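Below you'll find the structure, written out as structure tokens, and then a few comments.
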Amino acid sequence: MSFFDLKGLLQPLGAVKQLGKNPHTIKFDDLNRDAADRYRGLHYNDLVACIGCGNCSTICQNAAIDMIQLENIEGKQGDSGLRPRVDNGRCCWCALCVEVCPTGSLSLTKDYIFVSEKSSDFLWIPGIDNPKAEENNRLSFVSTTSGSLSDYVRVPMKEMDSKERILTFDEVVLGYTEEEARKEAARCISCGLCTEVCPDHMHIPEYINAIAKANDDDALKIIYDNNPLPEMCGKVCTRRCEEVCALTHRGVENDPNDKGAVAIRWLKRYATETAPTIELMKEIINHEVAEPNGKKISIIGAGPSGLTAGYYLALKGYDVTIYEAKAKGGGMVMYGIPKYRLPESSLDKQIGYMQAMGVKINFNTEVGKDIMFDEIYDNSDAIFVGIGFQKAWTLGIEGEEAKGSIAAVEYLDIINRGDNYDVGKKVAVIGGGNVAIDGARVSRRYGAEVTILYRRRVEDMPADWEEIEAAEHEGVHIAIQTIPTRVIKDENNKVIGIEYLKAEMVSDADGGRPRPVAIEGSETILECDTIIGAIGQEADYSWLPTSYQDKIKVDRGRMLTNKARQTDDPKVFAGGDAVNRTADAISAIADGFIAVKSIHEFLSK
């Protein structure tokens with residue numbers, strides 16, 4: 001090689017001949033070509049419709065999507081508060097993220113050019129970095145339910161025919177087969193929004209995934225990590241978890257009631273029923289019981305909260321004794337829920353398992369009568385109170401003391417313990433909650449013609465929609481916008497009818513739900529032999545001596561505790577209906593579980 005490379009020195013001068021010629025490239029901002037309608041360009045996200053489920057991030061094979069917190073978006077029920085951020089340096093625009101978006105908020109646009117000198121700018125927050133993409137009609141690749149990779153159609157649950165079931169107290173819901181359970185479980189996208197809203201924060205995606213993979217034993221172990229009454233929950237839980245299921249946002253067209261939600265409750269039931277005996281439960285769950293620690297715990301009430309506290313405290317080595325006033329455990333789920341919804345054998349199995357793990361239950365032992373609270377207090381290192389709401393509210397109308405007027409909780413208690421109560425040929429039920437529906441459906445099984453009187457609209461009824469629907473299928477008539485005014489009775493003080501006023505719904509000035517206002521002169525009489533009141537319950541605190549009431553305080557019918565479920569008396573804890581206002585079994589279970597941790601911490605100091 002020569003010292004002087006003449007050709008190399010002169011070659012750049014050759015570019016001079018290109019002067020005056022048209023360029024071979026065009027500046028991007030001068031390009032005026034619109035992409036095809038299904039072009040996969042830059043991402044856009046409807047930030048309001050998005051629920052932050054993270055399904056887009058999970059499916060991305062290039063790890064191009066992460067979920068981040070934005071300043072102006074806060075988490076709430078059914079919304080994690082997170083939103084996707086796309087790394088356009090990693091993205092291959094395969095659109096899998098769009099295909100699996102359960103709300104349809106994520107899409108791709110016709111926009112495909114983005115220039116910046118900062119590499120960080122290519123971390124694109126769809127909907128923030130291109131907020132007007134939707135307004136400017138730039139959306140191109142969007143998902144549809146028909147072409148989505150997600151399955152929005154819920155596997156239906158088989159039930160006994162309505163004409164057959166009103167003749168028996170056999171369980172109405174028949175349960176999933178193994179094939180049905182696997183198929184339904186496979187629909188779960190594991191977003192975890194259900195876990196957040198569950199009062200007990202059960203590991204829902206984990207046990208559903210175990211079912212989908214045919215690991216039923218693992219599913220049962222996962223469930224029992226923080227819920228010792230899962231079969232009960234699998235049959236009668238209020239399932240708020242399903243209300244926030246990500247699949248409900250696009251499943252409405254398939255089912256107006258479930259809205260396509262994963263059948264979380266029914267899958268829990270399936271998993272628990274794979275272990276039909278106490279012996280098999282012990283073998284599968286295989287919980288270790290710690291060595292006795294010498295500490296004694298007394299629990300008042302064998303309802304869901306008391307049983308939960310008792311079970312997990314016994315596993316920790318505590319000497320646990322539950323005092324239960326009735327002949328069987330379960331509280332209101334045992335004596336307040338009809339057997340066609342929750343068979344007695346199911347509860348017996350679950351409670352029997354707890355007893356086999358060391359929980360002692362003294363049945364037919366009423367605190368304040370068979371044993372005094374002072375005795376329990378003096379002989380215990382800690383006490384948990386889980387008495388529930390078993391005392392019914394009165395209707396507060398003229399003549400309700402008549403024969404044939406009975407509270408729903410009392411009526412259900414009579415039936416559930418195996419006794420009889422003659423409701424006659426016609427029954428009026430007052431109320432709109434699950435207890436009212438239970439009273440009505442039980443009465444139908446005794447051949448009565450049943451009418452529910454409810455002061456608001458059907459959509460306002462607090463009862464589960466499926467319970468309302470089942471009652472109507474069984475022939476229960478729901479008379480809406482009716483306000484009972486007096487009980488009509490004969491000369492023998494026996495119910496022969498009920499008078500009510502019709503009501504109109506009046507809009508609330510503050511934006512609340514419409515309220516019923518009686519229509520003057522609309523008095524109507526409904527003939528009936530029995531009136532069943534179901535407008536609410538409260539706890540009975542007659543067992544609590546006045547000397548303790550300065551620390552174990554009750555306000556507006558509920559015991560006052562801190563977040564640890566501890567009263568002002570550090571030795572006494574409480575949970576369930578008598579503490580929280582949710583009034584469902586899963587909340588009571590959650591209270592019991594919280595109290596276990598608090599009691600253990602209190603006694604470990």
Side-chain angles (χ1 to χ4, degrees), residues 166-169 326 332 335-340 389-456 461 463 467-468 471-472 474-503 516 518-538 540 542:
I166 62 171
L167 303 175
T168 177
F169 276 82
K326 294 185 179 294
M332 290 302 293
Y335 291 96
I337 297 179
K339 301 312 173 196
Y340 60 80
F389 273 18
Q390 299 191 18
K391 184 180 177 182
W393 289 349
T394 59
L395 294 173
I397 61 176
E398 177 187 340
E400 69 171 306
E401 77 290 343
K403 297 175 183 177
S405 177
I406 186 171
V409 289
E410 182 182 351
Y411 172 59
L412 294 171
D413 180 271
I414 291 170
I415 302 303
N416 282 355
R417 67 174 184 249
D419 294 335
N420 296 316
Y421 186 91
D422 184 7
V423 293
K425 295 181 179 180
K426 295 184 178 182
V427 173
V429 179
I430 317 301
N434 282 334
V435 176
I437 298 292
D438 287 342
R441 294 180 69 188
V442 167
S443 298
R444 282 292 294 138
R445 280 160 173 74
Y446 284 103
E449 179 183 317
V450 182
T451 300
I452 291 177
L453 301 178
Y454 181 59
R455 61 181 184 147
R456 298 180 185 272
M461 295 179 75
E467 292 300 307
I468 297 170
E472 292 179 325
E474 293 171 6
V476 174
H477 173 61
I478 301 176
I480 59 172
Q481 294 171 224
T482 52
I483 302 175
T485 52
R486 67 185 178 97
V487 173
I488 301 172
K489 52 189 177 180
D490 62 16
E491 62 277 7
N492 297 316
N493 198 36
K494 176 70 176 65
V495 169
I496 59 172
I498 185 166
E499 179 187 80
Y500 64 86
L501 289 171
K502 295 179 181 178
I519 299 173
E520 187 176 349
S522 64
E523 290 86 351
T524 305
I525 294 176
L526 175 67
E527 293 183 1
C528 59
D529 304 301
T530 299
I531 296 171
I532 298 175
I535 61 171
Q537 299 98 247
E538 60 185 350
D540 181 1
S542 60

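Since this is a predicted model, take the numbers as computed values, not measurements.
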Verify, without hydrogens or angle tests, whether [X] (side chain) and [Y] (backbone) share a donor-acceptor contact under 3.5 angstrom.
| X | Y | answer |
| --- | --- | --- |
| N416 | I337 | yes |
| T482 | R455 | no |
| R444 | A448 | yes |
| T524 | S522 | yes |

Just so I know, are the side chains of [X] and [Y] near enough to count as touching, which here means a heavy-atom distance under 4.5 Å?
| X | Y | answer |
| --- | --- | --- |
| I525 | I488 | yes |
| I519 | L501 | no |
| D413 | I415 | no |
| T530 | Y421 | yes |
| L526 | Y500 | yes |
| L395 | I535 | yes |
| Y411 | S443 | yes |
| V495 | D490 | no |

Can you confirm whether [X] is buried at [atom1], in the sense that more than 12 heavy atoms of other residues, nucleotides or ligands lie under 6.0 Å from that atom?
| X | atom1 | value |
| --- | --- | --- |
| K494 | NZ | yes |
| E401 | CD | yes |
| E523 | CD | yes |

What distance do [X] atom [atom1] and [Y] atom [atom2] have between them, rounded to the nearest 0.5 Å?
| X | Y | atom1 | atom2 | answer |
| --- | --- | --- | --- | --- |
| R445 | T168 | CZ | OG1 | 8.0 Å |
| E538 | W393 | CD | CH2 | 7.5 Å |
| D438 | E467 | CG | CD | 6.0 Å |
| I532 | L412 | CD1 | CG | 7.5 Å |
| K489 | I498 | NZ | CD1 | 13.0 Å |
| M332 | F389 | CE | CZ | 10.5 Å |

Audit row: I478, M461, side chain to side chain contact (heavy atoms under 4.5 Å, CB included) steps and yes/no: CA-CA 11 Å; I478 301 176; M461 295 179 75; 4.2 Å; yes
CA sep, side-chain torsions, deciding dist, call: R486, E400, salt bridge (Lys or Arg N to Asp or Glu O under 4.0 Å): CA-CA 7 Å; R486 67 185 178 97; E400 69 171 306; over 6 Å; no
Pair Y446 + F169: ring centers closer than 6.0 Å: yes
Chi angles and distances behind the side chain to side chain contact (heavy atoms under 4.5 Å, CB included) call for I414, I406: CA-CA 11 Å; I414 291 170; I406 186 171; 4.0 Å; yes
Test side chain to side chain contact (heavy atoms under 4.5 Å, CB included) applied to Q390 and K326, step by step: CA-CA 12 Å; Q390 299 191 18; K326 294 185 179 294; 3.5 Å; yes
Table please: side-chain donor-acceptor pairs of residues 423-437 below 3.5 Å, with sequence neighbours left out.
| unit_1 | atom_1 | unit_2 | atom_2 | d |
| --- | --- | --- | --- | --- |
| N434 | OD1 | D464 | N | 2.9 |

With D419 via side-chain hydrogen bond (donor to acceptor under 3.5 Å, both in side chains) - residues at least two apart: R417
Results of side-chain hydrogen bond (donor to acceptor under 3.5 Å, both in side chains) for Q481 - residues two or more places apart only: none
